[in-house]
Colleague: 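After the C-alpha cells below, expect a handful of questions from me.
Per chain, numbering begins at 1; letters A, B, ... match sequence-line order.
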Protein chains: 2
Amino acid sequence: MSILRYDDAMSLRIALLGLLSVSGPASGYDLTKKFETSINYVWQAGHSQIYPELAKMAADGLITVEPEGPRGRKIYTITREGTDELHRWLVERVPTDPVRSEGALQAFLLPLLSAPEALDVLSRLTAAAETRLADLRALRATKLALHESDQWKIGYYALDLGIRHALTTIDWARHTAAEIDPGSA
Amino acid sequence: MSILRYDDAMSLRIALLGLLSVSGPASGYDLTKKFETSINYVWQAGHSQIYPELAKMAADGLITVEPEGPRGRKIYTITREGTDELHRWLVERVPTDPVRSEGALQAFLLPLLSAPEALDVLSRLTAAAETRLADLRALRATKLALHESDQWKIGYYALDLGIRHALTTIDWARHTAAEIDPGSA
DNA sequence: TCCAGACATGTCACCTTTTACATGTCTGGC
DNA sequence: GCCAGACATGTAAAAGGTGACATGTCTGGA
C-alpha cells in the first residue's frame with residue numbers, strides 16, 4: 001500500500017495504466033498509437049514521454065516488462081499494484097483541470113478587435129470546433145460499429161463530453177457573432 | 001515588423017500584452033493580481049512566471065519599464081510594437097488547444113468502476129462544475145455591475161463561454177449518471 | 001511605537017511537455 | 001534481392017509551468 005495522496009497529478013501514468021488495464025499487455029509503441037487514435041481527446045503524449053515513463057512505472061512495480069519480442073519489442077503488463085493504484089486514483093483524485101486555452105484567450109481579448117476582425121476570429125473558432133466535432137463523431141461511430149468486448153464503453157463517456165463541449169462552443173460562437181454584428185445573424 | 005509566424009504559442013506573453021493594453025500601465029504585482037482575479041478562467045500564471053517574462057518582453061521591445069516606484073515598484077507600459085504584436089496574434093494565430101483534462105480522463109476510464117463508484121465520481125465532477133459555474137456567474141455579475149469604461153466587455157465573451165461549458169458538463173454528468181443507473185434518474 | 005499584513009520583486013529546483021536527433025529491424029511488393 | 005515504409009526504442013535540449021525560498025518596504029491600527 002503506497003502512501004501517495006495524489007497531491008501530484010501523474011495523469012500520464014494513469015492514462016497508461018488505464019490503457020494497459022483495458023486492452024491487456026502492450027508495448028510502448030502500441031501505447032503511443034493508442035494515444036494518437038483513442039485517448040488523445042482527453043490527454044496527449046508522444047513516444048519520447050511514454051517510453052521513459054514506462055521505465056519508471058516498471059521500476060515502481062506498477063507494471064512488468066517482458067523484454068525482447070520481434071524487433072526489440074518490449075511487452076508491458078499491469079500488476080496488481082498498478083491496478084490498485086489506478087482504481088485509487090479514479091475513486092479518490094479530485095481533478096484540478098486548470099483552463100489554459102488559446103481559443104478562450106482569443107475570446108477574452110475579442111473586444112480589442114474591430115467588428116469585422118472579431119467575426120473572422122469567431123468563424124475560425126467555429127471551424128476548429130466543427131472539425132473537432134466531426135472527428136469525435138467519426139470516432140464514436142467507429143467505436144459503436146466495432147463494439148467488440150464488454151469493455152467497449154471505455155472512452156465512450158469522455159467522447160460524449162467532448163462532443164457536447166464542441167457543440168457548446170459552436171453555439172457560443174454563433175451567439176457571440178450575432179451580438180457583435182446583429183446584421184450577420 | 002517581426003518575422004514571427006506564431007509557430008509557438010507564447011500565450012503568457014499575449015495575455016500580459018492584453019492586460020497592459022486594456023488597463024494601461026501596470027506593475028508585475030498588479031498583473032499577477034489580474035491573473036488571479038480576472039484572466040484566470042482562460043489562462044493562469046504565478047508571479048514567478050510573470051516577472052521573468054516581463055523582463056524578456058522589455059528586452060524584446062514589446063513593453064517599456066519605468067523603474068522604482070514606491071516599494072521598488074516597476075511600471076510596465078505597452079509599446080507600439082507590443083500593440084502590433086498583440087493585434088497580429090489575435091488576427092492570425094490559429095489556436096491549438098490540446099485537451100489535457102484530469103476530469104475528462106476520469107470520464108474516459110469511468111467504465112472501469114462499479115456503478116456506485118462511478119456515480120460517486122460523477123457527483124464529484126458535477127460539484128466541481130457547479131462551483132466553477134457559481135464563480136464565473138459571480139464574476140460576470142460584478143463585471144456587469146461595475147461597467148466602468150467602454151472596455152468593460154474585455155473578458156465578457158470568454159466568461160460566457162466558460163459558463164456555457166460548465167453548464168454542458170453538468171448536463172453531461174446528469175445524463176451519464178442516468179445511463180449508468182437508470183434508477184437514480 | 002510596534003507589528004501584522006499587504007505590497008513588491010526576485011531566484012531556484014523540479015517536473016512536464018515538445019521537438020529533434022539517433023538508431024536499428026522486419027515485411028511486402030517490385 | 002532491394003528498398004520503402006511501418007515497426008520499435010531510445011536520448012537530449014529547450015520551453016513552459018509549479019512551488020518553495022528569499023528579501024525587503026510601506027501602512028494602518030492596536
Colleague: Could you tell me the separation between the CZ atom of B:F35 and the C1' atom of C:dT9, rounded to a whole number of Å?
Modeller: 17 Å
Colleague: What does B:G46 touch in the nucleic acid at a heavy-atom separation under 4.0 angstrom: a base, only the sugar-phosphate, or nothing?
Modeller: nothing
Colleague: Holding to salt bridge (Lys or Arg N to Asp or Glu O under 4.0 Å), I want the full list of residues that pass it with B:R73, two or more places apart in sequence or in another chain.
Modeller: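 So B:R73 forms a salt bridge (Lys or Arg N to Asp or Glu O under 4.0 Å) with B:D30.
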Colleague: What's the CZ-C1' distance between A:R13 and C:dT17, to the nearest Å?
Modeller: 16 Å
Colleague: What distance separates A:S11 OG from A:L17 CG, expressed to the nearest 0.5 Å?
Modeller: 11.5 Å
Colleague: What's the CG-P distance between B:L12 and C:dT17, to the nearest Å?
Modeller: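 Spelled out: CG on B:L12 to P on C:dT17 is 18 Å.
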Colleague: Would you classify A:S48 as touching base, sugar-phosphate or nothing, given that sugar-phosphate means primed atoms plus P, OP1 and OP2, and contacts are heavy atoms under 4.0 Å?
Modeller: base
Colleague: Salt bridge or not for B:R124 and B:D120, using N-O below 4.0 Å?
Modeller: no
Colleague: Any side-chain N or O of A:K33 less than 4.0 Å from the OP1 or OP2 oxygen of D:dC7?
Modeller: yes
Colleague: What is the distance from CG of B:L31 to C1' of C:dG10, rounded to the nearest Å?
Modeller: 16 Å
Colleague: How long is the line joining CG of B:L54 and P of C:dA8, in whole Å?
Modeller: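 The answer, rounded to whole Å, is 14 Å.
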Colleague: At less than 4.0 Å, is any side-chain N or O atom of A:Y29 found next to OP1 or OP2 of D:dT9? Yes or no.
Modeller: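 So the side-chain polar atoms of A:Y29 never come under 4.0 Å of the phosphate oxygens OP1 or OP2 of D:dT9.
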Colleague: Could you tell me how far apart B:H47 (NE2) and D:dG24 (C1') are, to the nearest whole angstrom?
Modeller: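 Result: 13 Å.
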Colleague: To the nearest angstrom, how far is B:I50 atom CD1 from D:dT18 atom C1'?
Modeller: 13 Å
Colleague: Between B:W89 and A:Q106, is there a donor-acceptor pair closer than 3.5 Å when you use the side chain of the first and the backbone of the second?
Modeller: no
Colleague: Which comes earlier along DNA chain C counting from the 5' end, the contact point of B:P98 or that of B:Y76, where each point is its nearest nucleotide?
Modeller: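 It is B:Y76, whose closest nucleotide lies nearer the 5' terminus.
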Colleague: Rounded to whole angstroms, how far apart are CZ on A:R71 and C1' on C:dT27?
Modeller: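 Result: 7 Å.
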Colleague: Using the 3.5 Å cut-off, write out each protein N or O paired with an N or O of nucleotides 13-16 of chain D and the distance between them.
Modeller:
none

Colleague: Any side-chain heavy-atom pair from A:T83 and A:L86 closer than 4.5 angstrom?
Modeller: no
Colleague: For A:E66, is the CD atom crowded, meaning more than 12 foreign heavy atoms sit under 6.0 Å from it?
Modeller: no
Colleague: Looking at D:dA8, I'd like to know if its phosphate oxygens (OP1 or OP2) sit under 4.0 Å from a side-chain N or O belonging to A:R73.
Modeller: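 Yes, within the criterion.
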Colleague: On DNA chain D, nearest-nucleotide positions of B:P70 versus B:A45: which is more 5'?
Modeller: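 Final value for this comparison: B:A45.
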Colleague: Considering just the side-chain nitrogens and oxygens of B:Y51, establish if one lies under 4.0 Å of OP1 or OP2 belonging to C:dT9.
Modeller: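 Looking at the OP1 and OP2 atoms of C:dT9, one of them is under 4.0 Å from a side-chain N or O of B:Y51.
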Colleague: Please list every donor-acceptor pair under 3.5 Å in which a side-chain atom of residues 52-60 of chain B meets a protein atom from a residue at least two apart or in another chain.
Modeller:
residue, atom, partner, partner atom, Å
B:E53, OE2, B:R13, NE, 2.7
B:D60, OD2, B:R13, NH1, 3.0
B:D60, OD2, B:R13, NH2, 2.9

